[in-house]
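Quick note: numbers below take in every heavy atom, side chains included, and nothing from hydrogens, waters or symmetry partners. Worth saying up front: this structure is predicted, and the values here are computed from it rather than measured. Every chain is numbered from 1 and lettered A, B, ... according to where its sequence line falls, protein lines coming before strand lines.
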There are 2 protein chains.
Amino acid sequence: MNESLTLADKVFTELTTAIVRGELRPGDRLSEQTLVERYGGSRAPMREAIQRLEARHLVKRVPHAGARVVSLSLAELRDIYEVRVELESMACRLAAQRMTDAEIAELYDLLREHEESIAAEQGLAYYQKAGDLDFHYRVIKGSRNSRLYQMLCGELYHLVRMYRYQTSTSTKRPPQALQEHQRIVEAIAARDAELAELLMRRHIQSSLNNLETRLAEEEGRS
Amino acid sequence: MNESLTLADKVFTELTTAIVRGELRPGDRLSEQTLVERYGGSRAPMREAIQRLEARHLVKRVPHAGARVVSLSLAELRDIYEVRVELESMACRLAAQRMTDAEIAELYDLLREHEESIAAEQGLAYYQKAGDLDFHYRVIKGSRNSRLYQMLCGELYHLVRMYRYQTSTSTKRPPQALQEHQRIVEAIAARDAELAELLMRRHIQSSLNNLETRLAEEEGRS
DNA sequence: ATTCATAGGATTGTCTACAATCTTTGTGAG
DNA sequence: CTCACAAAGATTGTAGACAATCCTATGAAT
C-alpha cells in the first residue's frame with residue numbers, strides 16, 4: 001500500500017494541532033533547528049513542514065528571517081469571518097439542494113447527541129466545540145463542492161479553531177447554538193435552500209458577535 | 001532594502017506564468033532534476049518552488065512520485081466557478097459600499113480604455129483578457145477584505161486564467177462583457193450594493209457559460 | 001543619555017551526497 | 001499475444017555542510 005507518511009508530513013500535522021490548540025502561541029518563532037531537536041530528523045523535512053504551514057496561513061515566513069505563528073488582528077479576524085459567512089451560507093444552500101436523505105438523517109442523529117450532552121451538563125467545552133465543528137463540517141460536505149470544502153475546511157477552519165480554542169466558551173452560547181443548528185437542519189430537510197442559507201448566515205454572524213465580545217473582555221482584562 | 005528574491009521565488013514565478021500560459025500543459029510532469037537543468041541552481045530551491053505551486057493548486061504532488069500540472073475535470077472547473085461567483089459577487093457588494101470615489105473614477109477610466117481598444121479592433125485577445133482581469137482585480141481590491149483578495153487573486157485566479165488562455169476568445173464576447181462591466185460600475189457608483197452584487201453574479205455566470213460552450217466545442221473537435 | 005555604526009553570532013538559503021521509493025523495461029509463463 | 005513478475009534505472013525524501021543574510025550586542029561619537 002501507499003502508507004508513505006513522510007517525516008515532513010508527520011511534523012506538519014503535529015505542528016498544526018500544536019498551533020490550533022494554542023501550545024504554540026501567535027507570534028512564537030519556529031526555528032528549523034529547534035524543530036530538528038524536537039522532532040528529530042534533518043532540516044529539510046522541517047523546512048517543508050513550515051512551508052506547508054505557511055500555505056495554510058498558520059505561520060508567516062519572511063525571507064532570511066524565519067517563520068512565526070500568525071497573529072491575526074481583530075480586523076483580519078473580521079475579514080475571515082466575513083468570507084466564512086458567505087461561503088458557509090452558500091454551502092448550506094447547496095446542501096439543502098444536494099444532501100441525500102440519509103445524510104440529513106445523520107444530521108438529526110448528531111443533533112440528538114449534542115442535545116443529550118448539553119442536558120447531562122457533562123457538556124465539556126471541548127466536546128461542545130468539537131461537536132459544533134462536526135456539524136458545520138457535515139453541512140459543507142453536503143454541498144458537494146470539493147473546492148468549497150478545501151477552502152473552508154482546509155484553509156479557514158484552522159484559523160477559526162485557533163482563536164476559538166483560546167477563548168473560553170460561554171455557558172449560554174451552546175444551547176442557543178444547538179437551537180440554531182436544529183432550525184438549519186429543518187430547513188435543509190424541507191429542501192428550503194433560501195431559508196437554510198439565511199439561517200446559516202445569521203448563525204455564523206452571531207457566532208462572530210460572541211467571539212468579538214469575548215475577545216474584547218479578555219483584552220480589557222489583560 | 002529587502003530585495004531578497006530567493007532562487008526558489010524566481011523559479012516559482014517563472015513556472016506560474018509558464019503553467020498559466022499553457023507552455024506547461026495539464027498533466028505534464030515536473031521533475032526536480034529537469035528544473036535544475038532548466039533554471040540552474042540545485043534541487044532544494046526547485047523543490048520549494050514546486051511546493052509553492054502545490055499550495056496554489058497549480059500542481060498536484062504525490063509522495064515519492066513527483067509533481068504534475070493539475071488537470072481539472074469539467075466538474076472541478078464548475079466547482080471553482082461556483083465558488084468564484086459567490087466570492088466575486090460578494091466582493092462587488094462590498095466594493096459598492098467601501099470603494100473611494102477616486103477608485104470609482106479610475107474604474108471609469110479603465111472602461112474607457114477598453115472601449116477604445118475594442119473600437120480600434122486592435123482588441124487583441126490577449127489584451128482583452130488582461131483588461132478583463134484588471135477590472136475584476138480592482139473590484140476585488142475595492143472590497144477592502146484582505147482574505148477575500150488572497151482567495152480570489154492568489155488561489156482561484158491562476159486556475160481560471162490557465163483555462164482561459166487555452167480557450168480561444170469569442171469575437172462576440174468582449175463587447176458584451178464590456179457592457180456588463182459598465183453596468184456594474186454604474187451600480188457601484190450609485191452605491192447600490194445589492195444591484196452591484198446581482199450584476200456581478202450574472203456576469204460571471206455568463207462568463208462560465210461562454211467557457212463551457214467553448215470547452216464543449218474543443219472537446220468535440222478533438 | 002541617545003543614536004549610529006560595526007562586528008559577532010545565529011538563522012536561513014543553497015549545495016552535494018546518500019537512502020528509500022516508485023516507474024519502467026525486460027523476461028518468462030500461460 | 002497478453003499478463004505477471006523482477007531487476008535496473010530514475011526520481012523523490014532525507015541528511016549534513018557551506019554560503020549568504022539577518023538579528024543583536026557592543027562600542028564610539030554627538
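- A salt bridge links B/Arg61 with A/Glu48: the distance from a Lys NZ or Arg NE/NH1/NH2 to an Asp or Glu carboxylate oxygen falls below 4.0 Å.
- Sequence order on DNA chain C of the closest nucleotides to B/Val62 and A/Arg29 puts A/Arg29 first from the 5' end.
- One can place CD of A/Glu54 at 13 Å from P of C/dT12, the figure rounded to the nearest angstrom.
- In this structure, A/Ile50 reaches neither bases nor backbone, as no heavy-atom distance under 4.0 Å exists between it and the strands shown.
- In terms of modelled atom types and a separation under 3.5 Å, the side chain of B/Ser207 and the main chain of B/His203 share no donor-acceptor contact.
- We find that B/Arg38 and B/Glu14 are not joined by a salt bridge, their nearest charged nitrogen and carboxylate oxygen being 4.0 Å or further apart.
- What separates CD of A/Glu48 from C1' of C/dG13 is a distance of 16 Å, to the nearest Å.
- Here the P atom of nucleotide D/dT14 and the NZ atom of A/Lys10 are 12 Å apart, to the nearest Å.
- Checked against side chain to side chain contact (heavy atoms under 4.5 Å, CB included), B/Arg202 has the following partners two or more places apart in sequence or in another chain: B/Leu198.
- What separates CD of B/Gln33 from P of D/dT12 is a distance of 9 Å, to the nearest Å.
- Distances shorter than 4.0 Å separate some side-chain N or O of B/Arg47 from OP1 or OP2 on D/dG13.
- You'll find that the side chain of B/Ser42 is closest to C/dT14, out of C/dT12, C/dT14, D/dC22.
- In terms of phosphate contacts, B/Arg61 brings a side-chain nitrogen or oxygen within less than 4.0 Å of OP1 or OP2 of D/dG13.
- Ionic pairing of B/Arg78 and B/Glu82 is not present here: no N-O contact between side-chain nitrogen and carboxylate oxygen is shorter than 4.0 angstrom.
- Comparing atom distances between the A/Ser31 side chain and each of C/dC15, C/dT12, D/dC22 picks out C/dT12 as nearest.
- Straight-line distance from the CG atom of A/Asp9 to the P atom of C/dA20: 19 Å, rounded to whole Å.
- Atom CG of A/Leu7 is separated from atom C1' of D/dT12 by 14 Å (rounded to the nearest Å).
- Regarding B/Arg43, its CZ atom lies at a distance of 12 Å from the C1' atom of D/dA15, rounded to whole Å.
- The nearest whole Å value for the distance from the NE2 atom in A/His64 to the P atom in D/dC22 is 6 Å.
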